[in-house]
**Student:** 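Following this message is one structure expressed as structure tokens.
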Amino acid sequence: MSKVIDKQLAKHYFWGENCESWVLADTDRLSVKQESMPSGTREKLHFHADAQQFFFILKGTATFYLNDKKEIVTEQKSILIESKMKHYIANEADSILDFLVVSQPTTNNDRIEI
């Protein structure tokens with residue numbers, strides 16, 4: 001069944017330090033979220049046992065820490081993070097960071113913080 005999703009009506013929650021997430025799709029096999037991070041925020045180092053994640057940067061510049069490597073991803077660029085890879089995203093820029101994160105399968109009950 002197809003369904004048009006309106007971000008304004010999607011499930012919304014806050015995480016971290018005033019970071020926001022809108023759940024656009026969430027099934028056992030797929031999760032799609034639009035997220036926003038204020039300047040100077042980051043998530044905690046973690047990994048997913050099963051899920052791979054695809055991040056697409058809509059606005060701003062994301063800094064990803066992947067195992068012991070640092071990657072900068074700018075607007076209209078993306079990065080794929082494989083399952084079991086230790087990682088976190090940070091907004092080290094002076095402006096807001098907006099991005100899509102697609103997880104396959106869903107990351108529900110599949111996040112292991114380090």
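Computed from heavy atoms alone, side chains included, the values below leave out hydrogens, waters and symmetry copies.
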**Student:** Nearest 0.5 Å please: distance from the NE2 atom of His46 over to the CD1 atom of Ile112.
**Tutor:** 9.0 Å
**Student:** Can you say whether the rings of Phe14 and His12 are parallel (under 30°), tilted (30 to 60°) or perpendicular (over 60°)?
**Tutor:**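 Because their plane-to-plane angle is over 60°, the rings of Phe14 and His12 count as perpendicular.
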**Student:** Out of curiosity, does Leu24 fall in the hydrophobic cluster containing Val101 (side-chain heavy atoms, cut-off under 4.5 Å, transitive links)?
**Tutor:**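 Different hydrophobic clusters.
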**Student:** Checking Asp110 side chain against Ala49 main chain: does a donor-acceptor pair fall under 3.5 Å?
**Tutor:**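 Judged by distance alone, yes, a pair lies under 3.5 Å.
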**Student:** Just by distance, do the side chain of Asp26 and the backbone of Ser31 share a donor-acceptor pair under 3.5 Å?
**Tutor:**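 No, the answer is negative, given that no donor and acceptor are paired below the 3.5 Å cut-off.
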**Student:** Is the NZ atom of Lys7 crowded by more than 12 outside heavy atoms at less than 6.0 Å?
**Tutor:**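 Yes, the 6.0 Å shell around NZ holds more than 12 heavy atoms from other groups.
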**Student:** Is there a side-chain contact between Thr63 and Ile89 (heavy atoms, below 4.5 Å)?
**Tutor:** no
**Student:** Which value, rounded to the nearest 0.5 Å, describes the distance between Ile57 atom CD1 and Leu97 atom CG?
**Tutor:** 5.0 Å
**Student:** Test salt bridge (Lys or Arg N to Asp or Glu O under 4.0 Å) on Lys84 and Glu82; report intermediate values, then the result.
**Tutor:** CA-CA 6 Å; Lys84 299 178 182 60; Glu82 308 232 352; over 6 Å; no
**Student:** In the structure I gave you, are the side-chain heavy atoms of Glu71 and Lys69 within less than 4.5 Å of one another anywhere?
**Tutor:** yes
**Student:** Could you tell me whether Glu113 and Arg111 make a salt bridge, using a distance below 4.0 angstrom between a side-chain N and a carboxylate O?
**Tutor:**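 Yes, this pair counts.
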**Student:** Atom CE in Met37, atom CG in Asp98: separation rounded to 0.5 Å?
**Tutor:**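 Here the interatomic distance stands at 11.0 Å.
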**Student:** On the 0 to 90° scale, with breaks at 30° and 60°, tag the Phe55-Phe64 ring pair as parallel, tilted or perpendicular.
**Tutor:** perpendicular
**Student:** Should Leu80 and Val32 be regarded as members of a common hydrophobic cluster, given that ILVMFWY residues are connected when their side-chain heavy atoms come within less than 4.5 Å of each other, either directly or indirectly?
**Tutor:**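 Yes, because Leu80 and Val32 connect within a single hydrophobic cluster, where side-chain heavy atoms sit under 4.5 Å apart.
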**Student:** Distance check, rounded to the nearest 0.5 Å: Asn108 atom CG versus Asp50 atom CG?
**Tutor:**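 These two atoms lie 12.0 Å from each other.
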**Student:** Does either side chain, that of Gln53 or that of Ser103, offer a donor lying less than 3.5 Å from an acceptor on the other one?
**Tutor:**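 Side chains of Gln53 and Ser103: pair found under 3.5 Å.
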**Student:** Please indicate whether Asp6 has more than 12 foreign heavy atoms, meaning atoms of other residues, nucleotides or ligands, lying under 6.0 Å from its CG.
**Tutor:**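 Counting other residues, nucleotides and ligands, CG of Asp6 exceeds 12 neighbours.
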**Student:** Could you tell me whether Asn67 atom CG has more than 12 heavy atoms of other residues or ligands within 6.0 Å of it?
**Tutor:**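 Check passes, neighbour count above 12.
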**Student:** Rounded at 0.5 Å granularity, tell me how far CD in Glu43 sits from CG in Asn91.
**Tutor:**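 Answer rounded to 0.5 Å: 12.0 Å.
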**Student:** Just so I know, are the side chains of Pro38 and Cys19 near enough to count as touching, which here means a heavy-atom distance under 4.5 Å?
**Tutor:**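 Touching, per the 4.5 Å side-chain cut-off.
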**Student:** Are Lys59 and Ile96 close enough that some pair of their side-chain heavy atoms sits under 4.5 Å apart?
**Tutor:** yes
**Student:** Test side-chain hydrogen bond (donor to acceptor under 3.5 Å, both in side chains) on Ser83 and Gln52 and set out the steps.
**Tutor:** CA-CA 5 Å; Ser83 64; Gln52 61 180 335; over 6 Å; no
**Student:** Donor-acceptor pair, distance only, cut-off 3.5 Å: does the side chain of Thr27 make one with the backbone of Leu30?
**Tutor:**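 A pair under 3.5 Å: yes.
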**Student:** Contact between Glu20 and Gln34 at the side-chain level, heavy atoms closer than 4.5 Å - yes or no?
**Tutor:** no
**Student:** Locate the shortest heavy-atom distance separating Glu75 from Gly60; write the atom from each residue and the value.
**Tutor:**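 So the two residues come closest at OE2-N, 3.0 Å.
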**Student:** Take Ile81 and Leu66, measure what side-chain contact (heavy atoms from CB on, under 4.5 Å) needs, and give me the verdict at the end.
**Tutor:** CA-CA 8 Å; Ile81 299 175; Leu66 312 164; 3.6 Å; yes
**Student:** When hydrophobic residues are tied together by side-chain contacts of less than 4.5 Å, even through go-betweens, does Leu45 share a cluster with Phe47?
**Tutor:**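 Looking at the clustering, Phe47 is in the same group as Leu45.
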**Student:** Can you classify the ring geometry of Tyr88 versus Tyr65 as parallel (below 30°), tilted (30 to 60°) or perpendicular (above 60°)?
**Tutor:** parallel
**Student:** Examine Phe99 and Tyr13 and state if one hydrophobic cluster contains both, with Ile, Leu, Val, Met, Phe, Trp and Tyr joined whenever side-chain heavy atoms are less than 4.5 Å apart.
**Tutor:** yes
**Student:** So do Trp22 and Gln8 actually touch side chain to side chain, heavy atoms under 4.5 Å?
**Tutor:**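 Side-chain contact under 4.5 Å: no.
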**Student:** Check for me, please, whether Val73 and Leu100 land in the same ILVMFWY cluster - side-chain distances under 4.5 Å, paths through other members count.
**Tutor:**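 No, separate clusters.
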**Student:** Say whether, by atom type as modelled, one donor and one acceptor occur between the side chain of Lys11 and the main chain of Val23 under 3.5 angstrom.
**Tutor:** no
**Student:** I need the Glu92 CD to Arg42 CZ distance, nearest 0.5 Å.
**Tutor:**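 It is 8.5 Å, given to the nearest 0.5 Å.
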